[in-house]
Amino acid sequence: MEIAINYDYREADMRALLDVEALAELVISREGKPEDTEVSINFVTNEAIHELNRDFRDVDRPTDVLSFECDGYEGEDDLAPIEGMAFELGDIVVAPDIAEAQAPEYGLAFADEVSLLVTHGLLHLCGYDHMEDDEAEEMEARERELLTEFWGRPFARSAAERQDA
């Protein structure tokens, strides 16, 4: 597995907060993705995520996390990996300032909120969505399971509650 973590913003804070690589490896492996999976996780400013949200989703405001899928074709879960080529899962973009601001609103520590956003983004890349109630419930339950395993304690909140996540 290759997890590229780009600390374009607040590098010291993000590195001290949690082991992003270990979290990503846990989620990707538990979701049954190939051993040669590649993903990038990017920490950016509010302005940068606003621009991406506007350009790619036509939503003219910042958001907390965005996911951009590569090889995970919808409805094609059983695609055979191409020998010698990595499985490029996609890219996740997280806005630490937004995560920090909204963490108290949801009763979470900053580290918990960032770990939730990373997990949420990865699950989107793995095919989860939350547009319908049943999908949201499934995604939230999976987030809780994975974060409970990662942190070694119960995790109570889910990002899928937010309509703009």
Side-chain angles (χ1 to χ4, degrees), residues 1-77 79-103 108 110-130 139 142-143 145-147 149-151 155 158-160 162 164-165:
M1 233 173 270
E2 185 173 327
I3 314 296
I5 304 171
N6 302 307
Y7 297 100
D8 295 334
Y9 181 63
R10 294 184 67 173
E11 179 174 1
D13 293 339
M14 295 300 97
R15 285 186 185 276
L17 205 57
L18 74 145
D19 188 344
V20 177
E21 185 172 353
L23 175 58
E25 287 175 354
L26 172 80
V27 173
I28 292 166
S29 67
R30 294 300 184 270
E31 287 302 308
K33 297 303 174 193
E35 184 62 36
D36 63 348
T37 294
E38 292 180 357
V39 68
S40 75
I41 301 169
N42 307 276
F43 294 99
V44 301
T45 65
N46 289 0
E47 294 77 21
I49 206 163
H50 182 162
E51 184 176 320
L52 291 168
N53 206 23
R54 183 190 63 231
D55 293 351
F56 291 97
R57 294 182 61 224
D58 292 321
V59 178
D60 195 16
R61 66 175 186 268
T63 189
D64 50 10
V65 63
L66 292 171
S67 300
F68 299 96
E69 188 175 358
C70 287
D71 285 345
Y73 302 107
E74 186 173 326
E76 303 277 348
D77 293 334
L79 284 175
I82 300 171
E83 191 172 326
M85 293 189 69
F87 180 79
E88 296 179 11
L89 192 60
D91 305 303
I92 298 168
V93 182
V94 177
D97 288 348
I98 293 174
E100 188 171 39
Q102 71 191 15
L108 292 177
F110 183 32
D112 287 348
E113 183 68 9
V114 172
S115 67
L116 175 62
L117 296 176
V118 170
T119 301
H120 187 81
L122 287 167
L123 288 178
H124 272 304
L125 296 181
C126 292
Y128 288 79
D129 206 348
H130 49 83
M139 188 172 188
R142 190 63 176 143
E143 289 169 350
E145 289 171 13
L146 292 165
L147 289 167
E149 182 176 348
F150 179 73
W151 288 113
F155 195 92
S158 172
R162 286 172 276 169
D164 67 337

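Every heavy atom of this structure was used, including side-chain atoms; hydrogens, water molecules and symmetry mates were not. Along the sequence shown, residues carry numbers from 1.
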Exercise. When rounded to the nearest 0.5 angstrom, what distance separates CD in E25 from CD in E35?
Worked result: 8.5 Å

Problem set entry | Side chain to side chain, S29 and M1, heavy atoms closer than 4.5 Å | yes

Exercise. Do H124 and I92 touch side chain to side chain, with heavy atoms closer than 4.5 Å?
Worked result: no

Problem set entry | Donor on one side chain, acceptor on other, E143 and Y128, under 3.5 Å | no

Exercise. With a 4.5 Å limit on heavy-atom distance, are the side chains of L146 and L123 in contact?
Worked result: yes

Exercise. If you measure from the Lys or Arg side-chain nitrogens to the Asp or Glu carboxylate oxygens, is any gap between R30 and E149 under 4.0 Å?
Worked result: yes

Exercise. What distance do D36 atom CG and E88 atom CD have between them, rounded to the nearest 0.5 Å?
Worked result: 10.0 Å

Exercise. Do F43 and Y7 make the cut of ring centroids closer than 6.0 angstrom?
Worked result: yes

Exercise. When rounded to the nearest 0.5 angstrom, what distance separates OG1 in T45 from CZ in R10?
Worked result: 11.5 Å

Exercise. With distance as the sole test, does N53 use its side chain to make a donor-acceptor pair with the main-chain N or O of R61 at under 3.5 Å?
Worked result: yes

Exercise. So do H50 and D60 actually touch side chain to side chain, heavy atoms under 4.5 Å?
Worked result: yes

Exercise. Does any non-hydrogen side-chain atom of I98 lie less than 4.5 Å from one of T63?
Worked result: no

Exercise. So how far is it from L89 CG to D91 CG, rounded to the nearest 0.5 Å?
Worked result: 9.0 Å

Problem set entry | Verdict with supporting geometry, R57 and L66, side-chain contact (heavy atoms from CB on, under 4.5 Å) | CA-CA 10 Å; R57 294 182 61 224; L66 292 171; 3.5 Å; yes

For this session: Answer whether the closest heavy-atom distance between the side chains of I28 and I3 falls below 4.5 Å.
Result: yes

Problem set entry | Set of salt bridge (Lys or Arg N to Asp or Glu O under 4.0 Å) partners for E11, sequence neighbours left out | R15

Problem set entry | CE-CD1 distance between M14 and I5, expressed to the nearest 0.5 angstrom | 11.5 Å

Seminar exercise, completed: Output for pair (F110 CZ, L18 CG), nearest 0.5 Å, gives 9.5 Å

For this session: Sequence neighbours left out, what passes side-chain hydrogen bond (donor to acceptor under 3.5 Å, both in side chains) with D129? Give chain and number order.
Result: none

For this session: Please step through side-chain contact (heavy atoms from CB on, under 4.5 Å) for the pair C70 and L125, ending with a clear verdict.
Result: CA-CA 8 Å; C70 287; L125 296 181; over 6 Å; no

Problem set entry | Heavy-atom side-chain contact between L23 and L147 under 4.5 Å | yes

Problem set entry | Side chain proximity check, V27 to F150, heavy atoms < 4.5 angstrom | no

Problem set entry | Steps toward side-chain contact (heavy atoms from CB on, under 4.5 Å) verdict (T37, E31) | CA-CA 11 Å; T37 294; E31 287 302 308; over 6 Å; no

